[in-house]
Amino acid sequence: MLDTLDPADPAFARDPYPYYARLRTTGPAARVALANGTEAWLVTGYRQAREVLADPRFSNVPPPAAGRPKPDSPALRARGCLARHMLNTDAPDHTRLRRLTTAAFAPRRVDALRPRIERLTAELAADVADRLERGGTADLVDAFAFPLPVLVIGEVLGVPTADRADLRTWTYQVGSPADALPAGAVDRAWTSLHAYFTALIAQKRRAPGDDLFSTLVHDQAEGGLDDGELLAMAFLLLFAGYETTMNLIASASLLLLTHPRELAAARQGGPAGWAAVAEEALRHASPLEGTTWRRTTEQVDLGDGVVVPAGASVLVVLAAANRDPGVFPDPDAFRPARYAPSGERAAERAAPHAAFGHGPHFCLGSRLARLEAEIALPALFGAGGTVPGLALAADPATLPYRPGLLVRGPRHLPVVRAGSAA
């Protein structure tokens with residue numbers, strides 16, 4: 001009998017790690033029955049996860065999915081167009097699409113965003129401090145972890161500041177279960193995103209700016225993206241550009257709020273200390289729980305007695321791979337010292353985590369996500385930061401998490417000033 005899994009179960013969403021640990025005892029990959037009746041293979045071992053992510057026999061082209069808008073509806077057409085992004089392609093299409101965007105995320109270009117990220121971070125942190133002063137509580141997700149990466153990726157895309165609130169709402173809706181929102185909200189969000197990016201392409205043709213999207217639009221004449229690919233790329237950069245970073249900042253904040261010794265060490269460690277916190281948060285609380293779905297094009301032997309048949313749906317569970325006890329000692333412990341750059345703890349330096357994936361689809365925005373986290377965390381928690389001492393205003397065991405197997409992070413993170421009544 002197959003193990004069963006309901007990704008929408010709030011208890012599972014809050015803490016999926018015991019399930020993954022139990023599943024891993026049966027092997028580095030296991031076949032499970034999802035609540036919707038489909039069967040899938042979940043890869044939970046670190047070594048096997050990296051192998052699958054680099055193996056072309058695991059295709060990224062998605063299989064038909066249930067629960068989509070009715071055939072021939074505007075929402076279906078919009079979703080179909082926006083889903084043509086490079087995460088849903090294999091080589092050679094993926095190679096071409098990635099090549100056209102790699103330069104935009106080169107270290108020099110990402111590092112040039114630092115002054116703007118620091119200004120945005122300071123403004124948002126000051127707003128959190130003001131909310132605490134006026135109302136006593138603030139939600140670090142809604143007030144800080146969510147808007148910061150949305151504003152930053154808006155800079156990369158050249159999206160007018162006035163439009164970013166709408167984009168934030170629409171992207172949140174398309175990434176949420178339809179039954180958790182008002183009727184028709186998800187369909188309207190897909191059509192709104194499609195219409196918005198269609199208009200943005202036209203605007204960039206008329207008046208290009210110094211941003212990635214303008215570059216991509218004007219590269220069309222030289223064999224760049226077609227209109228459909230431009231729409232899909234804009235959606236992917238927006239969605240992926242904030243989801244990972246939002247969850248990273250929120251999860252790292254929760255870990256620091258509940259691990260005072262590690263917070264004190266980060267404050268003493270300076271920039272390297274905050275970088276180690278971000279790196280360990282990526283491992284310990286992977287902001288992407290799993291990759292996009294893959295499908296085997298032939299039978300694949302993963303070793304350890306695991307043979308995945310052809311045509312199988314496969315999900316690489318990054319959150320599980322990052323807690324593989326065969327790679328990470330004491331994997332459930334939050335220990336930023338694993339990623340200390342030097343000093344007496346350097347011998348403990350851990351293997352590279354898999355939070356950003358591996359292989360051809362390794363996250364293009366990983367450097368940007370790290371940069372945002374390394375600026376955001378000391379702004380909130382540093383001894384000289386904008387926000388005085390923070391304390392969690394809720395029981396960590398009761399915090400709601402977003403359901404599903406793709407992204408993971410607390411939906412809300414209420415805080416008060418340390419010493420205040422919750």
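In this chain, residues are counted from 1 in sequence order. What's counted below: heavy atoms across the whole structure, side chains too, no hydrogens, waters or symmetry copies.
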> Does a donor on one side chain sit under 3.5 Å from an acceptor on the other, for Ser313 and Arg295?
Replying inline: yes
> Is it true that Arg84 and Asp226 make a salt bridge, defined as a side-chain N closer than 4.0 Å to a carboxylate O?
Replying inline: yes
> Out of curiosity, Leu5 CG to Leu405 CG, how far, rounded to the nearest 0.5 Å?
Replying inline: 5.5 Å
>> As an exercise, state the distance from CG of Leu148 to OG1 of Thr245, rounded to the nearest 0.5 Å.
In response: 8.0 Å
> Is any side-chain heavy atom of Pro336 less than 4.5 Å from a side-chain heavy atom of Val277?
Replying inline: yes
> Taking atom types as modelled, is there a side-chain donor on Glu51 or Tyr46 under 3.5 Å from an acceptor on the other?
Replying inline: no
> Using the ring of each side chain (for Trp, its six-membered ring), is Tyr19 parallel, tilted or perpendicular to Phe12, with breaks at 30° and 60°?
Replying inline: perpendicular
> Going by an N to O cut-off under 4.0 Å, is there a salt bridge joining Glu229 and Arg96?
Replying inline: yes
Would you give me the side-chain donor-acceptor pairs under 3.5 Å for residues 389-401, sequence neighbours excluded?
from	atom 1	to	atom 2	distance (Å)
Asp395	OD1	Ala397	N	2.9
Thr398	OG1	Asp395	O	2.8

> Can Glu123 and Arg119 be said to form a salt bridge (charged side-chain N to carboxylate O under 4.0 Å, His left out), step by step?
Replying inline: CA-CA 6 Å; Glu123 292 169 5; Arg119 288 194 295 271; over 6 Å; no
>> Measuring from atom OG1 of Thr215 to atom CZ of Phe213, what distance do you get when rounded to the nearest 0.5 angstrom?
In response: 11.0 Å
>> Regarding Asp211 and Ser214, do their side chains bring together a donor and an acceptor under 3.5 Å, going by distance alone?
In response: yes
>> Could you walk me through whether Phe235 and Trp190 satisfy the ring pair (Phe, Tyr, Trp, His ring centres under 6.0 Å) test, starting with their C-alpha distance in whole Å, then the side-chain angles of each, then the deciding distance to 0.1 Å, before giving a yes or no?
In response: CA-CA 10 Å; Phe235 169 72; Trp190 280 115; 5.3 Å; yes
> salt bridge (charged side-chain N to carboxylate O under 4.0 Å, His left out) between Asp142 and Arg411: does it pass, once the steps are laid out?
Replying inline: CA-CA 8 Å; Asp142 287 346; Arg411 294 173 62 186; over 6 Å; no
> Does the pair Asp111/Arg367 count as a salt bridge with the N-to-O cut at 4.0 Å?
Replying inline: yes
> Atom CG of Leu82 and atom CG of Asn88: how far apart are they, to the nearest 0.5 Å?
Replying inline: 11.5 Å
> According to the interplanar angle, ranging from 0 to 90°, do the rings of His284 and His259 count as parallel (below 30°), tilted (30 to 60°) or perpendicular (above 60°)?
Replying inline: perpendicular
> With Val415, which of Asp139, Val387, Leu254, Leu257 fulfils side chain to side chain contact (heavy atoms under 4.5 Å, CB included)?
Replying inline: Leu257
> Roughly how far, to the nearest 0.5 Å, is OG1 of Thr244 from OH of Tyr242?
Replying inline: 10.5 Å
> Under the 3.5 angstrom rule, does the side chain of Thr191 hit a backbone N or O of Ala75 as a donor-acceptor pair?
Replying inline: no
> What distance do Glu155 atom CD and Leu368 atom CG have between them, rounded to the nearest 0.5 Å?
Replying inline: 11.0 Å
>> Any non-hydrogen side-chain atom of Met86 less than 4.5 Å from a side-chain atom of Thr101?
In response: yes
> Are Arg31 and Asp3 ion-paired here, with the side-chain N under 4.0 Å from a carboxylate O?
Replying inline: no
> Under the 3.5 angstrom rule, does the side chain of Glu280 hit a backbone N or O of Arg335 as a donor-acceptor pair?
Replying inline: yes
>> For Arg294 and Thr291, which I'm curious about, is there any donor-acceptor pair between the side chains at under 3.5 Å?
In response: yes
> Taking the side chain from Arg323 and the backbone from Ala21, do they hold a donor-acceptor pair closer than 3.5 Å?
Replying inline: no
With a 3.5 Å cut-off and sequence neighbours excluded, list the donor-acceptor pairs that the side chains of residues 350-360 form with protein atoms.
from	atom 1	to	atom 2	distance (Å)
His353	ND1	Ala355	N	3.1
His353	NE2	Glu279	OE2	2.8

